[in-house]
Amino acid sequence: MSQLLEGLNPAQAEAVRHTEGPLLIMAGAGSGKTRVLTCRIAYLLEQGVAPSSILAITFTNKAALEMKERVNKMVGDMSRQLWLSTFHAFCARFLRLEIESLGMYNRNFVIYDAGDTLAMIKECLKELNLDDKQYIPRSMQGLISNAKNALQDAGEYARNADNFRAKQEAELYELYQKKLVQNNALDFDDLLLLAVRILETKPEVLQRYQMRFSHILIDEYQDTNRAQYLLAKHLAAHHRNLCVVGDADQSIYGWRGADIRNILDFERDYPETKVIKLEQNYRSTEVILEAANAVIANNSNRKPKDLWTDIAGGEPITCYEAVDERDEARFVAESIQKHRKDESLPYGDMAILYRTNSQSRALEEGLMKHAIPYVMVGNVKFYDRKEIKDIIAYLRVLYNPNSSQDLLRILNVPKRGIGDTTVSKLTDYATRSGMTLFEVISNPDLETGVSPRARKHLDELAGLLFDLMGRTPTVCTYDLVKAVMEESGYVAELQKDEKGEDRLENLQELLTVARDFAIGDMEDNLENFLTRVALVSDVDDAELGDGRVTLMTLHAAKGLEFPVAFLTGLEEGIFPHARTLMNEAEVEEERRICYVGITRAQKKLYVSHAMSRNIYGRSTQFPPSRFLQEMPESGLDHQSGRARFAAAKAALPPRPVVPLHRGGSLGLTPHTQARDSEATHEVWRPGEKAKHGKWGVGTVVSVSGSGEDQTLKVAFEGQGIKTLAVKFAPISKA
DNA sequence: TCCCCACACGTTTTT
DNA sequence: CGTGTGGGGA
């Protein structure tokens, strides 16, 4: 009898032992899912399955890494031969080996991220003379992404286009795709789409992989889209040992093409499926679980499931009615301090969750006022920073000179006298001749019409690139990245600029990433580095906990747990979000997001709503969220900020409430007020010190406007001059 | 090439 | 209110 099964509950043990045939594990929040998956992999290995025959897919790199580590602890180095990665990383690996069978790409393709492809879409719109007001680039990006996730190529999109607009969109899609191919580049969706296409059109490839992977595991199955669904289906078709794990109640990425039916209909796809439900929750108290169960029970399109726990009772859920978002933030901050003082709870054990990023501002200010250390996850992305993208662009050109998109980006970065005129001459020539941009710039004899001066600069650039390319196969990634930064003149340019400090630091950080990469289990070469950089987000290596309170959106919180969690902004129009209120299916997804939020809390949950909230500079009233009403009253402890507000208000002279003419565009017509609750404005003079909630103390440089509309220009040390409206900005005299 | 202003817009985003 | 963008001017 395997030791692996010790300590597992009967359902978990069964899920581990059931190794043959399709298996659906319906794993509720906190039911020990990761443990089951890792034990299952270890068990398979123990049963003699070769590690290279096991394919395990997760949705995040973080989950993949965690699972790798845990399996490694159980079985040792054998784990290194497992195919354990995200869908996208698996596809990238697969495509490096198999993409040339399509005859359209070579194996050294590069992967473009959302920013890269958005830029490309804008170019396409220009070339097609399409108005970017009517064909909004972001929407077009979403449209193409959705089409790809549904496995629709440009041709099929065109065939389905039955109106003018759809035909224009089809043309855009076609041009966009053409450009990707020319650049020998794939977008995220292509990784999945092309992998599926190869499996569907190359029987010999399909057979090889079908035979190879005898056991396939897929985590977070509720979030798979059509392409991912097909990928799993094709790969598993021979052995049929497909084990999927998921929780339909935690499906919150419907808007990204995730199809909840993939999990709901699994038994129909595989009639011999064994279904195992993991319903015992090891994370939260009974009070918290009852609230979660009660809320999710309001969704009609779901299979009934009830999480239970043997952690009876627990702290009641505190429901706070805040006056406004600042009051809410103050309440959260004070509660955090209380936990810290009374129970010596570390800051890292507490998290503040919200529906939309814009809510974070007030919360941050509240934390700062109380000197509470915090981390915000997923706001500014490391790999989205200009300087990082620039260096990556260099690296991608070295790896794949066909990537004109990248070459274009670095042509004059750092500035080297290659202006717009030169660039358009070069691209025109490339288009006319059918040559790649790289071929054009690296061939001085072509009649491109660029000035001799520019030509000289181009020769230097081409020389640099050839030189670096020559070294690429022999140097380690760290040295290559460093060489790019320095020899391109990039670092020198930043050093000249006194505002270049932060950027230089970020480049240093990129070097650290390159150095750490060499230590990892992938071979240290440019190909692997670029693939990794393209597919890894910085949420993955964000140090959570670590003595700081965590602030994040509910989406980012999925899969995490905290002893104490604050669920903020529970208002109709915020959460559920106003944009979903017209559509019952979308409200159900909001409810699942709420379910995810509630189940993050282990010991104590706070929920809060604000009676009034400043949105887009206007005070707006939203009623409490329906989700609050759906929580059982018996588990709630109500508190309110009204009393405090009334006391503050009594000190001020009364004034009438003046409704605005302009109605709400937010779906439920919130009532807006013209006046802020604090109408007494201080008189500011240049030279005075001002204290700001976010930027600290600064000096007033200039004052303009009068009364309510007075604005200040304030210089904050190290942060530049900010323009602030006295009426709204969180400032006071210091 | 940069800077300033007017104007529009404003969910979530594992890869 | 904030941010991003595009036009116009220096």
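Chain letters run A, B, ... following the sequence lines, proteins first, then strands; residues in each count from 1. Treat the numbers as computed from the prediction; the structure is a model and nothing was measured.
- Checking B:dT11, B:dT12, C:dT5 against the side-chain heavy atoms of A:Lys122 singles out C:dT5 as nearest.
- Between A:Asn61 and B:dT14 there is no side-chain polar atom (N or O) within less than 4.0 angstrom of OP1 or OP2.
- Residue A:Phe87 is out of contact with every strand shown, counting any heavy-atom pair closer than 4.0 Å.
- Between the CD1 atom of A:Ile136 and the P atom of B:dC9 there is a distance of 8 Å, given to the nearest Å.
- Atom NZ in A:Lys126 sits roughly 7 Å away from atom P in C:dG6 (whole-Å rounding).
- Of the N and O atoms on the side chains of A:Thr58 and A:Glu220, not one donor lies less than 3.5 Å from an acceptor on the other residue.
- Atom CZ of A:Arg138 and atom P of B:dG10 are 11 Å apart (whole Å).
- Within the nucleic acid shown, A:Glu590 comes within 4.0 Å of at least one base atom, counting heavy atoms only.
- Between the P atom of B:dT14 and the CD atom of A:Gln228 lies a distance of 14 Å, rounded to the nearest Å.
- Between the side chains of A:Glu123 and A:Gln405, at least one donor N or O lies within less than 3.5 Å of an accepting N or O.
- Stacking annotation: A:Trp255 is stacked on the base of B:dT12 (ring centroids less than 5.5 angstrom apart, interplanar angle below 30 degrees).
- Closest to the side chain of A:Lys415, out of B:dT15, B:dC2, B:dT12, is B:dC2.
- A:Asp223 comes within 4.0 angstrom of a base, heavy atoms only.
- The phosphate of B:dT11 has neither OP1 nor OP2 within less than 4.0 Å of any side-chain N or O from A:Asn357.
- Nearest-nucleotide positions on DNA chain B place A:Gly419 closer to the 5' end than the other of A:Gly419 and A:Phe59.
- With rounding to whole Å, A:Asn412 atom CG is found 10 Å from B:dC2 atom P.
- Look at A:Lys558 and you won't find any side-chain N or O under 4.0 angstrom from OP1 or OP2 of B:dT12.
- Between A:Asn149 atom CG and B:dT13 atom P there is a gap of 17 Å when expressed in whole angstrom units.
- For the residue pair A:Lys233 and A:Gln228, no side-chain donor N or O sits within less than 3.5 Å of a side-chain acceptor on the partner.
- For A:Ser612 and A:Asp324, the side-chain atoms include no donor-acceptor pair closer than 3.5 Å.
- Here A:Thr580 lies in heavy-atom contact (under 4.0 Å) with a base.
- Between A:Lys33 and A:Asp219 there is a salt bridge, since a side-chain N of the basic residue sits under 4.0 Å from a carboxylate O of the acidic one.
- In this model, a donor atom of one side chain and an acceptor atom of the other lie less than 3.5 Å apart for A:Ser608 and A:Glu328.
- Glycosidic conformation at B:dT12 (O4'-C1'-N9-C4 for purines, O4'-C1'-N1-C2 for pyrimidines): anti, more than 90° from 0.
- In this structure, the aromatic ring of A:His577 is positioned over the six-membered ring of the base of B:dT11, centres within 5.5 Å and planes within 30°.
- Per the geometry, CG belonging to A:Asp131 stands 11 Å off P belonging to C:dG6, to the nearest Å.
- Each of A:Ala534 and A:Thr356 lies near DNA chain B, and the nucleotide nearest A:Thr356 is the one positioned closer to the 5' end.
- Distance A:Arg361 CZ to C:dG2 C1': 6 Å, rounded to the nearest Å.
- Between the side chain of A:Arg256 and the base of B:dT15, a donor-acceptor pair under 3.5 Å is found.
- Residue-to-nucleotide contacts include a donor-acceptor pair under 3.5 Å from the side chain of A:Arg355 to the base of B:dT12.
- The side chain of A:His555 lies closest to B:dT13 when the candidates are C:dC1, C:dT5, B:dT13.
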